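All of these numbers come straight from a predicted model, not from anything done at the bench. These values consider heavy atoms only, across backbone and side chains, with no hydrogens, waters or symmetry-generated copies.
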Amino acid sequence: YTSWVEEDFTEGLGYLNNAVEISTEIGDYFSLWAASYNLGAILSWNCEFEKSLESFKKSLDLAVAVNNLIGISSAKTSICISVYICRGELDIAFQESKDSLRMAQESGDVRTMGIAHLAYGYCCYSKGLIDEAENSLLKAESFCEKTTLFVWGAWALGFLGDIYFDKGKYENAINYY
C-alpha cells in the first residue's frame, strides 16, 4: 500500500524487505513469493535493476520449486518488462516473454494470459515485430479488461496507440491513447 498507493517508495521498500525477512524466517513461501515479487517491481521503478532482478528471481525460483505455472509466468513477465527491456536486453526479453506466454496459456489462467500477452507484445514492439506486437497487445487488452487488470490493460492500450501512430493510423492511435 505504501509503495503502490501512497508512492512512498522508501518506506515501502522497508516494509517489503521486512516482509521478505519475516516470511523467510517462518517458512511462509507464498508470502515470500509475493514480497519478493513486489520488491522486484518497486526496485525496478527506482532503476535498481540488478536488485530488482535478484528479487524477481527469488519469486521465480519459489514458483519453479513447486511447478506453479502462474507464478513462473508472472515472475518471468515482470522480469522481461521491468528489467530486461529497461536494460536494453531485447533478445533475452523476447525469448523469456515467449516462454512466459506459453506457460500462461498452459495454465489456462486468463489473468496471467493478459499480463503475458502484454509482455510478449511489448517485446515484439521493442524488436520491431509490429504486426505480432499488435496481435498480442489486442489479446492482452481483452484479457485484462475481463479480469479488471485496468493498469496492465491501460499499458497495452498505450502500446497499441504507439503502434497505430507508427503505422500512420492516427485516428486509431488517438482512440487507443
Side-chain angles (χ1 to χ4, degrees), residues 1 3-5 12-13 15-17 19-45 49 51-87 89-126 132-133 135-160:
Y1 181 85
S3 295
W4 296 108
V5 176
L13 284 171
Y15 289 138
L16 287 168
N17 280 314
V20 167
E21 283 181 37
I22 292 168
S23 56
T24 300
E25 286 175 20
I26 64 173
D28 181 349
Y29 297 112
F30 178 77
S31 294
L32 179 58
W33 184 94
S36 298
Y37 180 89
N38 283 289
L39 183 59
I42 299 304
L43 288 166
S44 173
W45 287 4
F49 300 118
K51 289 180 182 177
S52 172
L53 181 59
E54 183 180 312
S55 291
F56 279 132
K57 281 195 173 182
K58 187 180 291 185
S59 65
L60 177 60
D61 291 344
L62 289 165
V64 167
V66 295
N67 196 33
N68 181 316
L69 294 178
I70 294 169
I72 295 168
S73 178
S74 297
K76 283 182 173 250
T77 293
S78 290
I79 290 170
C80 290
I81 292 174
S82 301
V83 178
Y84 294 147
I85 289 179
C86 292
R87 294 194 314 194
E89 298 170 341
L90 301 182
D91 290 335
I92 191 168
F94 182 71
Q95 290 305 317
E96 290 291 309
S97 69
K98 278 176 46 175
D99 193 41
S100 175
L101 180 56
R102 180 189 56 77
M103 288 183 187
Q105 290 168 332
E106 217 174 287
S107 79
D109 182 65
V110 177
R111 179 187 173 281
T112 307
M113 285 190 284
I115 296 169
H117 269 291
L118 170 65
Y120 181 68
Y122 183 27
C123 289
C124 288
Y125 180 71
S126 297
E132 198 167 341
N135 182 45
S136 194
L137 290 166
L138 286 167
K139 290 177 183 176
E141 191 278 326
S142 175
F143 286 131
C144 288
E145 185 176 333
K146 290 175 185 169
T147 57
T148 66
L149 290 172
F150 299 120
V151 172
W152 292 91
W155 208 357
L157 292 173
F159 292 133
L160 284 163

Enquirer: With a cut-off of 3.5 Å and sequence neighbours excluded, list every side-chain donor-acceptor pair involving residues 55-65.
Expert:
| from | atom 1 | to | atom 2 | distance (Å) |
| --- | --- | --- | --- | --- |
| Ser55 | OG | Lys51 | O | 3.4 |
| Ser59 | OG | Phe56 | O | 2.7 |

Enquirer: What pair of heavy atoms forms the shortest contact from Ile70 to Asn68, and how long is it?
Expert: N-OD1, 3.0 Å

Enquirer: Got a donor-acceptor contact below 3.5 angstrom from the Ser44 side chain to the Gly40 backbone?
Expert: no

Enquirer: If you round to the nearest 0.5 Å, how far is CZ of Phe150 from CD of Glu145?
Expert: 7.5 Å

Enquirer: How many angstroms lie between CD1 in Ile85 and CD1 in Ile79, if you round to the nearest 0.5 Å?
Expert: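 Rounded to the nearest 0.5 Å, the CD1-CD1 separation comes out at 12.5 Å.
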
Enquirer: Rounded to the nearest 0.5 Å, what separation is found between the CG atom of Leu101 and the CD atom of Glu106?
Expert: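 The CD atom of Glu106 is 11.0 Å from CG of Leu101, to the nearest 0.5 Å.
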
Enquirer: Would you find a donor on one side and an acceptor on the other, under 3.5 Å apart, between the side chain of Ser82 and the backbone of Ser78?
Expert: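 Pair found, side chain donor or acceptor close to backbone of Ser78.
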
Enquirer: Show every donor-acceptor pair shorter than 3.5 Å between a side-chain atom in residues 108-117 and any protein atom, with sequence neighbours excluded, or say none if there are none.
Expert:
| from | atom 1 | to | atom 2 | distance (Å) |
| --- | --- | --- | --- | --- |
| Asp109 | OD2 | Thr112 | N | 2.9 |
| Asp109 | OD2 | Thr112 | OG1 | 2.4 |
| His117 | ND1 | Ser136 | OG | 2.9 |

Enquirer: Look at the side chain of Ser74 and the backbone N and O of Gly71, then say whether any donor-acceptor pair between them is shorter than 3.5 Å.
Expert: no

Enquirer: Between Leu118 and Ile81, is any pair of side-chain heavy atoms under 4.5 Å apart?
Expert: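 Yes - at least one pair of side-chain heavy atoms lies under 4.5 Å apart.
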
Enquirer: Does Gln105 CD have over 12 foreign heavy atoms under 6.0 Å away?
Expert: yes

Enquirer: Is the backbone of Ser100 close enough, under 3.5 Å, to the side chain of Ser73 for a donor and an acceptor to pair up by distance?
Expert: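 Here the side-chain-to-backbone pair exists.
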
Enquirer: Between Phe30 and Asp28, is any pair of side-chain heavy atoms under 4.5 Å apart?
Expert: yes

Enquirer: As an exercise, state the distance from OG of Ser142 to CG of Leu137, rounded to the nearest 0.5 Å.
Expert: 12.5 Å

Enquirer: Centroid-to-centroid, Tyr37 to Trp33, below 6.0 Å?
Expert: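 Yes, the ring centres sit under 6.0 Å apart.
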
Enquirer: Of all the heavy-atom pairs spanning Ala93 and Cys123, show the shortest one and how long it is.
Expert: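 In this case the closest contact between Ala93 and Cys123 is O-SG, 3.5 Å.
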
Enquirer: Side chains of Val20 and Ser36: closer than 4.5 Å at any heavy-atom pair?
Expert: yes

Enquirer: Within a radius of less than 6.0 Å around OH of Tyr15, do more than 12 heavy atoms belonging to other residues, nucleotides or ligands occur?
Expert: no

Enquirer: Roughly how far, to the nearest 0.5 Å, is the OG atom of Ser3 from the CG atom of Leu13?
Expert: 5.5 Å

Enquirer: Show every salt bridge (Lys or Arg N to Asp or Glu O under 4.0 Å) that has at least one partner inside residues 92-101, sequence neighbours left out.
Expert: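 Output for this query lists Lys76-Glu96, Lys76-Asp99, Asp99-Arg102.
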
Enquirer: How many angstroms lie between CH2 in Trp45 and OG in Ser52, if you round to the nearest 0.5 Å?
Expert: 11.5 Å

Enquirer: Is there a side-chain contact between Leu16 and Ile42 in this structure, where contact means two heavy atoms from C-beta onward sitting under 4.5 Å apart?
Expert: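 Yes; the side chains approach each other to less than 4.5 Å.
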
